[in-house]
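To keep things clear, I will list the structure first and then write my remarks on it.
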Amino acid sequence: MKPIQVGLLGIGVVGSGTFNVLKRNQEEIKRRAGRGIEIVQVADLNVARAQELVGPDVTVVSDARAVIANPDIDIVIELIGGYGIAKTLVLEAIAAGKHVVTANKALLAVHGTEIFAAASAKGVMVAFEAAVAGGIPIIKALREGLTANSIQWIAGIINGTTNFILSEMRDKGLDFAVVLKQAQALGYAEADPTFDIEGVDAAHKATLMSAIAFGIPVQFDKAYIEGITKLGAADIKYAEQLGYRIKLLGITKRRQGDATKGTMEGIELRVHPCLIPAKRLLANVEGAMNAVVVQGDAVGTTLYYGKGAGSEPTASAVIADLVDITRLHTADPKQRVPHLAFQPNAMSNLPVMPMGEVVTSYYLRLRVADETGVLAKVTGILADAGISIDAVLQREADEIGTEAPATQPQVPQTDVIILTHDCQEAKMNEAIAQMQALPTVLEPITRIRKEELA
Ligand code: HSE
């Protein structure tokens with residue numbers, strides 16, 4: 001049978017990896033897919049460089065629309081990225097009856113509803129294994145392998161750049177800004193790392209996993225997002241002393257409502273730094289590696305670990321999608337695996353909850369004047385708010401207070417660290433505001449959420 005014909009839009013790091021792996025493993029891939037898979041046309045603005053990468057047998061053009069208009073092409077791979085021209089081209093490819101493979105998490109997290117609807121109407125597939133956690137087949141696992149389960153929660157380290165930075169901060173006791181500079185110099189972090197360090201990239205990926213796990217539409221705009229830029233070396237050190245590590249987690253959870261506690265039913269979708277027990281496997285995922293834990297009611301806890309970025313790891317996911325499409329493209333579209341795992345007419349309207357409704361536990365660090373009764377006032381505020389304390393760590397008073405500027409009290413100061421049990425975020429916000437107003441609390445209170453992941 002004639003090989004399936006593929007057009008590639010954008011041949012950068014992942015595109016060239018895809019081309020090379022497809023070529024290197026073509027015989028094995030053909031034995032799995034049932035027919036050959038060939039990239040026959042590439043669109044890239046740098047035609048000369050692209051031609052050099054793919055050799056003389058592949059047509060290279062600068063106009064992506066020439067690939068979409070090519071009647072011989074069955075599948076278009078979009079590796080341009082972003083929400084701009086990539087969105088237009090993906091919709092045009094769908095309209096032209098092409099199946100689409102993309103690694104573009106930003107595009108699908110924001111415009112997925114429109115793109116999947118267009119693909120379903122046209123009877124084509126949009127596959128995106130490479131969009132979440134690079135080479136880890138987490139989309140396949142959630143959509144197919146775990147299909148028997150009612151998924152309860154997912155927690156993942158789904159951004160390698162930030163995990164690298166946090167690992168270095170912990171290993172070397174350095175602050176965020178110092179490690180970021182080193183990471184950029186080493187090429188681990190982008191020149192503009194905003195999407196990574198502010199948690200946006202992780203939120204794109206968490207949004208996609210949440211939609212697939214719970215059968216809700218993609219709702220990136222409802223995700224709570226907090227990055228790692230404000231984390232200090234001191235908090236990483238205190239967390240360690242208490243038996244925890246700090247990781248940037250993408251978390252999505254199904255929450256049953258409880259009328260007696262006034263909590264609502266819905267889905268939590270959040271990205272933020274998080275204390276997790278040091279003994280959990282997830283806490284020991286170091287450097288730029290990714291890992292995702294999925295809790296299902298039947299299977300229990302499962303863990304997926306691997307490279308979340310890079311040329312061939314991401315190509316591995318792109319090619320898995322090509323093989324899936326090759327096997328299924330002649331099947332009745334209704335028999336294919338739905339884009340978001342659930343049939344489009346059976347999606348849930350469970351709301352993504354506002355952050356104030358989220359229930360979690362907390363690490364608090366308060367810089368206080370080391371005076372009699374300070375701790376009693378702080379714990380009193382928490383008790384009045386119905387927030388239960390799990391542990392308290394108080395360092396010996398240090399000398400900073402005696403050297404403080406005249407505007408600060410000339411008394412010894414100390415850090416008080418409090419771990420709480422679960423409570424509603426809105427209650428914690430109120431308690432923090434009250435504690436912050438105490439004259440003996442000298443600096444903005446640090447609050448980091450904590451998950452036991454039990
Ligand atoms: N920038 C991402 C990361 C890789 O650091 O994990 C691509 O999603």
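Counting starts at 1 for both ligands and their atoms, following the listed order. This chain uses plain numbering: 1 for the first residue, then up along the sequence.
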What do you reckon, is CG of Leu281 surrounded by more than 12 foreign heavy atoms closer than 6.0 Å?
no
Count the heavy atoms of every other residue, nucleotide or ligand shown that sit under 6.0 Å from CD of Glu52, and state whether that count exceeds 12.
no
Which residue owns the protein heavy atom closest to [atom], what's the atom, and how far is it?
atom	result
atom 1 (N) of ligand 1	Asp196 OD1, 3.0 Å
atom 8 (O) of ligand 1	Lys105 NZ, 2.7 Å
atom 4 (C) of ligand 1	Ala309 CB, 3.7 Å
atom 6 (O) of ligand 1	Gly160 N, 2.6 Å
atom 5 (O) of ligand 1	Thr161 OG1, 2.6 Å

Kindly indicate whether the side chain of Phe220, heavy atoms from C-beta on, has any atom under 4.5 Å from the side chain of Ile225.
yes
Can you list the steps and then say if Gln41 with Asn70 is a side-chain hydrogen bond (donor to acceptor under 3.5 Å, both in side chains)?
CA-CA 9 Å; Gln41 193 172 22; Asn70 183 341; 2.7 Å; yes
Purely on distance, is any nitrogen or oxygen of Asn290 under 3.5 Å from one on ligand 1?
no
Ignoring hydrogens, what is the shortest heavy-atom contact between Asn284 and Ala278? Give both atom names and the distance.
ND2-O, 3.0 Å
